[in-house]
Amino acid sequence: MRRSNLPAELNRFIGRADERAELARLLGEFRLVTIVGVGGVGKTRLGLRVASATQKRYVDGVWLADLSVLRDPDLVALALVEALDLTDHTLRTPREILTEHLAERTLLLVLDGFEHLVAECAPLVRELLRHSPGLTVLAMGRRPLRVDGEAVFTLAPMDETDGVSLFEERARTAGAPGGPDDRDPVVVHELCRRLDGIPLALELAAARMPLLTVEQVLHRLDDRFRLLTDGARGGLPRHQTLRTAIGWSHELCTPEERLLWARLSVFAGPFDLEAVEYVCGGPDLPADEVLEVLGGLLAQSLVAREDTAAGPRYRILDTVSAYGAEWLAALGDTERMRRRHRDWFMGLATWCELEWFSPRQAEVAACTDVALPNLRAAMELCLEQPDEGHLAQHLAGTLWFYWAGCGRLAEGRHWLDRALALGSEHEDARLKALWVFGYVAILQGDSTAAVAALHECGERARSVGNPVAEAYATHRMGCLALLSDDMPRAEELIGCALEAYRELGELNSNVLMGQVELAMARVFQGDLEGAVALCAEVREICEERGERWTRAYALYVLAYAAWCGGDHGEARKLLAECVTINHTFHDLVGLVLGIELLALVTASEGDPAEAAVLQGAALPVWDSVGLQLFGSSYFNGARALCERQAGAVLGAERYGASVREGRRLSLDAAVDRALSERRDPATRIAGPRAPRPFRTSSAGQAEARRLPHR
């Protein structure tokens, strides 16, 4: 069971024994501890070290939220939701999600890099601490949050002994010739004193040791102190010292490295080599030379390499980036570089949308995850320019697959709201944003907003002659009918959209999902054979194209049909693949539906106790998705039958105990349990053959509000 998202240490932690002990003590006495200090003094490294060392105190784990790359204050609460690995498809605000999740948990929340978002962070932290008695917060930033009960720990530079140890360790790992015994200790101590014991400055100096001697470093540093004394008058000397250290490192770079350093400052998060070559390349820095220049910055610890789910990426350190941004502004090149950055990530989003309908779907999801901070920065630039609203609408619409397919509905709604608030004479971009907005609103259960957006999309599409947008609007209106249990109308509208798609030659995951949704409408009207034919065709196309996301929903319908026919083994096989795919994409709607149907299959196979456990495991997932089984009597039929069947054999007391056991499982544990082959021979019964299909009462139709469609 995953209890932490703290990153592993990549090199040895040096010193700070007294600080670690004091912070551990403070965390035992206060519920909010904030480490403050100058940039580069080691706040993050120390905080993560202490959090890792004390995590046994927190039964629900230690969770890190890195806010340093966040620029939009409205996304702070959402960033914490993501850091806690929560997904919610309801209309609850991120604050409500956090408050409910943390209310009865004992955990340590680590906030890093919040200083530019204090106005938003402080009230949020105060609210969470008031409503969550088991919550402790460890924050690291350049200033306190100023929240009642906050213990502020000011992190001073390293003492001289620790500073020397850090310098020597990093010089050794950087490949410096010789060892500590080969260097004059008096000169080393003098260097550490001149750098005020600031870890970042020491590490930058150590990175130069393969090229320069300590004496040369000290001599150049002395020159640079006199040159770079442009900090604010009256400011803390440590602030000017850090600037000097970075400025000195800047002076030691080649002209090409300095230029690349400045241009890299436009990136808001991890980036790959191809992005650097496009964004930062030009006549004065040819793309085919970027790799070598980037390697120079990497060797000097000005850029860090990290492994991500999408492969290796690079990241420029925040303080280093800020220094580079000043140089970029001095060159008068900031806006041009931001636009090149925006263009690259708009291109990346377009590529990801196309490749979503391919065997690279999982790679696309990982790539978009890693690129999210930069996609946000690109969106912000579009929103800042009054005449570029159409680009914001295009980008927000292009990312539909990420919002809907990877559990990012709240974020998608945020950007679509802002983009559509802007005027635009580019009808195609606005129309796409409208139907995507309607799609997201449907999945959030906001039918009012969905109807408004889809109606506007359909009307405008007809007026400007855009049959593709009109088809998407019709398709999503059919989903609304399905959502409200109006199956005849759902079949009519989705059928019309599918016919339009065929005439237009439109084929992608959305189109195939429409076919699955049509199959659901037919299942609920008793046409099981027709539904199977539709999903068998979807499955075949998905296998041919390598598409997995829509395939999972088709497998769900086919599994239901197999169960209806009494083939429990085939139903289990189909559902195992369905659950695995949805868990991979973090699609909680498809995942929880698969678990619910697996519970019924398990009961029908003769293991009611395990079926009850799976029903219990589904409940926390529904808490995130929204109303249990969407309030639909159609979908509730499987759960109700399973509950009756398992409860009749186990009795109310044992059934309830099994449900509670399942409810305590984490999401990963619930998936593992659903995919396992556990069976309890002592409780095997002969499961009754399923009805074909579940019937819906008029009361159920009136109650229904949401359905699991995409």
- Task: For side chain to side chain donor-acceptor pair (under 3.5 Å), just list the numbers for S509 and E547, CA-CA rounded to whole Å, side-chain angles, deciding distance to a tenth of an Å, and then say yes or no.
- Result: CA-CA 8 Å; S509 298; E547 211 277 2; 2.6 Å; yes
- Should T99 and L128 count as side-chain neighbours, where that means a heavy-atom distance under 4.5 Å? yes
- With a 4.0 Å cut-off, would you call E577 and K573 a salt bridge? no
- Query: For T54, what residues pass the side chain to side chain donor-acceptor pair (under 3.5 Å) criterion, not counting sequence neighbours?
  - Reply: none
- Query: Between the side chain of S132 and the main-chain N/O of G134, is any donor-acceptor distance below 3.5 Å?
  - Reply: no
- Message: Test your reading of the model: is there a side-chain donor-acceptor pair from S484 to the backbone of L480, 3.5 Å cut-off?
- Response: yes
- Show your working on side chain to side chain donor-acceptor pair (under 3.5 Å) between T44 and D112 and close with a plain yes or no. CA-CA 7 Å; T44 297; D112 190 26; 2.8 Å; yes
- Query: Heavy-atom distance under 4.5 Å between the side chains of W563 and E570, does that happen here?
  - Reply: no
- Compare all side-chain heavy atoms of P7 with those of L48 and state whether any distance is below 4.5 angstrom. yes
- Item | Single hit among R476, R413, R408, E411 for side chain to side chain contact (heavy atoms under 4.5 Å, CB included) with V440 | R413
- Message: Quick one, L512 and R551 - any side-chain contact, counting heavy atoms below 4.5 Å?
- Response: no
- Quick one: salt bridge (charged side-chain N to carboxylate O under 4.0 Å, His left out) partners of E96, sequence neighbours excluded? none
- Within-4.5 Å side-chain heavy-atom neighbours: L107 and V62: no
- After noting the C-alpha distance and the side-chain angles of E120 and R95, does the key distance pass the salt bridge (Lys or Arg N to Asp or Glu O under 4.0 Å) rule? CA-CA 12 Å; E120 179 68 23; R95 282 176 178 260; 3.3 Å; yes
- Task: Can you see which heavy atom on C352 is nearest to which on F401, and at what distance?
- Result: CB-CZ, 3.5 Å
- Could you grab the distance from atom CD of Q55 to atom CG of D60, nearest 0.5 Å is fine? 12.5 Å
- Item | Candidate pair W351 and V364, rule side chain to side chain contact (heavy atoms under 4.5 Å, CB included), full reasoning | CA-CA 9 Å; W351 176 86; V364 167; 4.2 Å; yes
- Task: Might you work through the side chain to side chain contact (heavy atoms under 4.5 Å, CB included) test for I35 and L138, ending with a clear yes or no?
- Result: CA-CA 8 Å; I35 306 174; L138 174 62; 4.1 Å; yes
- Please name the pair of heavy atoms, one in C121 and one in V76, separated by the smallest distance, quoted to 0.1 Å. SG-CG1, 3.9 Å
- Task: Mind jotting down which residue pairs meet the salt bridge (charged side-chain N to carboxylate O under 4.0 Å, His left out) criterion with at least one end in residues 63-80? Sequence neighbours excluded, please.
- Result: D72-R418
- Query: What distance separates H131 NE2 from L98 CG, expressed to the nearest 0.5 Å?
  - Reply: 12.5 Å
- Query: Is any side-chain heavy atom of L667 closer than 4.5 Å to a side-chain heavy atom of H586?
  - Reply: yes
- Item | Carboxylate-amine/guanidinium proximity below 4.0 Å for D623 and R663 | yes
- Spatial distance of atom CG (N510) from atom CD (E517) [nearest 0.5 Å]: 8.5 Å
- Message: Could you check, using the six-membered ring where one of them is a Trp, whether W549 and F357 have ring centers closer than 6.0 angstrom?
- Response: no
- Message: Could you report the tightest heavy-atom contact between G647 and Y655, atom names first, then the distance?
- Response: N-CD1, 4.1 Å
- Note on the structure: So OH of Y58 and CZ of R3: to nearest 0.5 Å the spacing works out to 11.5 Å
- Query: Quick one: does Q444's side chain have a donor or acceptor within less than 3.5 Å of a partner on L91's backbone?
  - Reply: no
- Item | Plane angle bin for W356 and W400 - parallel if under 30°, tilted between 30 and 60°, otherwise perpendicular | perpendicular
- Message: Under a plain distance cut-off of 3.5 Å, with no hydrogens placed, do E355 and S358 share a side-chain donor-acceptor pair?
- Response: yes
- Item | Salt-bridge contact E653-R660 (side-chain N to carboxylate O under 4.0 Å) | no
- Task: List the steps, then state whether salt bridge (Lys or Arg N to Asp or Glu O under 4.0 Å) holds for E306 with R313.
- Result: CA-CA 5 Å; E306 58 185 42; R313 293 291 189 271; over 6 Å; no
- Please examine the side chains of M379 and F345, heavy atoms only from C-beta on, and report whether any two atoms are closer than 4.5 Å. no
- Query: Should E661 and R673 count as side-chain neighbours, where that means a heavy-atom distance under 4.5 Å?
  - Reply: yes
- Check the surroundings of atom CZ in R57: do more than 12 heavy atoms from other residues, nucleotides or ligands lie under 6.0 Å from it? yes
- Distance (rounded to the nearest 0.5 Å) between D446 CG and T90 OG1: 11.0 Å
- Would you kindly say whether Y556 and N582 are connected by a side-chain donor-acceptor distance under 3.5 Å? no
- Message: Can you confirm whether more than 12 heavy atoms, excluding those of E540, are under 6.0 Å from its CD atom?
- Response: no
- Message: Taking E596 first and then R639, would you say they form a salt bridge - that is, a charged N and a carboxylate O separated by under 4.0 Å?
- Response: yes
- Message: Name the residue from L80, L64, L124 that meets the side chain to side chain contact (heavy atoms under 4.5 Å, CB included) definition with L111.
- Response: L80
- Task: State, to 0.1 Å, how close A670 and A617 come at their nearest heavy-atom pair, and which atoms those are.
- Result: CB-CB, 3.7 Å
- With rounding to the nearest 0.5 Å, note down the distance linking CH2 in W63 to CG in N5. 5.5 Å
